[in-house]
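Being a predicted model, the structure only gives us computed values, none of them experimental. Just so it is clear: chains get the letters A, B, ... in the order the sequence lines come, proteins before strands, and each one is counted from 1. Values below: all heavy atoms of this structure, side chains included; hydrogens, waters and symmetry mates excluded.
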There are 2 protein chains.
Amino acid sequence: MAAAENPQPKRDTYRHGDLRNALIEAALELARQGGPEAVVLRAATRQAGVVPNAAYRHFADRDALLHAVSQAAMAQVARTMEAEQAAVSPTEDPVAGARARFRAVGTGYLRYAQEEPGLFRAAFHVPGDMSHAADDTAAGATGKTPFELLGEALDGLVDAGLLAEDRRPGAEFLAWSAVHGLAVLLIDGPLRGLHPTQAHDAGQHVIDMIERGI
Amino acid sequence: MAAAENPQPKRDTYRHGDLRNALIEAALELARQGGPEAVVLRAATRQAGVVPNAAYRHFADRDALLHAVSQAAMAQVARTMEAEQAAVSPTEDPVAGARARFRAVGTGYLRYAQEEPGLFRAAFHVPGDMSHAADDTAAGATGKTPFELLGEALDGLVDAGLLAEDRRPGAEFLAWSAVHGLAVLLIDGPLRGLHPTQAHDAGQHVIDMIERGI
DNA sequence: CCGCCCTTGTGTACAATGTCCACATTCGCA
DNA sequence: TGCGAATGTGGACATTGTACACAAGGGCGG
């Protein structure tokens, strides 16, 4: 066989055709195994079968590439949340439904953090400015970002009478704090390596606390 | 004047005398402004007035130095917690006292995160393994780590009858999750740049949630 | 259909960084 | 007093991000 063909087979056309996405794809794979710090520009270009500097035609610098990865990962978080919501049995009464859809938001978030820790960390890796959490590039299939999904779920709780209206403002930050904190504990805190089942239980406990204390 | 004397004045003795601590000190300063990724080995040795390789006589590699920084920062977290606890007016009745000492743990944690974001991030920067959070190098003035302080405060809540005994197990992770999550939101999440007063309020809200939901 | 130009990819180069190896200096103990 | 272990030095190397000038060629105006 030919020499190590890890790098993409040499392309014949001078133009790559879809370099930007190829770089994002490669960077995503790097982030998947190794987190944000594993996203190295030269490795991505290597994988795309292109010289390092070619990346600069599509990204201002490494941070820009990392930002694209972050947005993509955030979108995957949203999709995981949506999937979790879609999985709740649809035959329940409205108030139970609202509650289940709220919990699904947190459960999906935590599930993604455990299934893709590298990408999760990349999603929330902050290169100085993370005010883009609401960009549409961070949206899932329904076009909503994780934060929007959380907000809607909270609105659902209010509509169902499960949350007093005067408690609604700022509630996303209470919920987000608790769930994100647990995610960090599970990924690389003292709870790392917890058995998935136990981790799931811990997640449910935290969500219990949120429902009670919000 | 002589050329830029930013680097430590040349020492006359061949031995430095206290290089290990000098490196940690320098690295702490680097982390203070710029977080863990700003801790660069060569910069630290430069500051200590020593050749880069000298560091390897005291630290296996950059990660080892970073670990020392992390432990030192963790200890500062503990001290901030202790200071906050010491500040609660001591004339209150026992149950109010237990409650105040519990809240002080979270308040101190959040205060440190805001006052020293770089060091805070360094404290929880995980180089693959963070099971050292209970090492005595991470302890504060009373010789207790942040987690131990939290645990004691929770025990205090139980003793005071503010927390049912069957809710005690695992409670540290609920509390830690919520507070740490908020810290992250405040440092480099969507809540970054919040006015200190508002940030403090947000912290109290989160602690309210914990008390209610734990 | 042709030629030009703007976009995209290439080559070369440089400064920084972490880390390795061999060597120099010195402290402290036998 | 002398010798070995600890500590600091010098030089070297691979890897990384990034700048600058150049090449290739696709698409549009004429």
| task | Counting heavy atoms from C-beta on, name the nucleotide in C:dC21, C:dG18, C:dG9 closest to the side chain of A:V50. | result | C:dG9
| task | Taking only the side-chain heavy atoms of B:R62 (C-beta and beyond), determine which of C:dG11, C:dT8, C:dT19 contains the nearest atom. | result | C:dT19
| N/O (side chain, B:R46) to phosphate O (OP1/OP2, C:dT17) under 4.0 Å | yes
| Are the charged groups of A:E37 and A:R121 less than 4.0 angstrom apart, N to O? | yes
| field | Lys/Arg N to Asp/Glu carboxylate O, B:K144 vs B:E82, below 4.0 Å | value | no
| query | Taking the nucleotide of DNA chain C with the closest heavy atom to each, which residue, B:L41 or B:T13, is nearer the 5' end? | reply | B:L41
For [X] and [Y], which heavy atoms make the closest approach, and how far apart are they?
| X | Y | result |
| --- | --- | --- |
| A:A78 | A:A139 | CB-C, 4.2 Å |
| B:G108 | B:E84 | N-CG, 3.9 Å |
| B:G203 | B:L110 | CA-CD1, 3.6 Å |

Separation of atom [atom1] in [X] from atom [atom2] in [N], rounded to whole Å:
| X | N | atom1 | atom2 | value |
| --- | --- | --- | --- | --- |
| B:L19 | C:dT25 | CG | P | 19 Å |
| B:Y56 | C:dA22 | OH | C1' | 16 Å |
| A:H16 | C:dG9 | NE2 | C1' | 11 Å |

| Could one point to a donor on the side chain of A:N53 or the base of C:dT8 with an acceptor on the other under 3.5 Å away? | no
| For the residue pair B:F59 and B:H67, is the inter-centroid distance of their aromatic rings smaller than 6.0 Å? |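 Aromatic pair excluded; centres sit 6.0 Å or further apart.
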| said: At a heavy-atom distance below 4.0 Å, which nucleotide of DNA chain D is the first touched by chain A, and which is the last? | reply: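 Footprint of chain A along DNA chain D, 5' to 3': D:dT16 to D:dG25.
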| remark: Nearest-nucleotide check on DNA chain D, B:D18 vs B:R42; residue mapping nearer the 5' end is B:D18
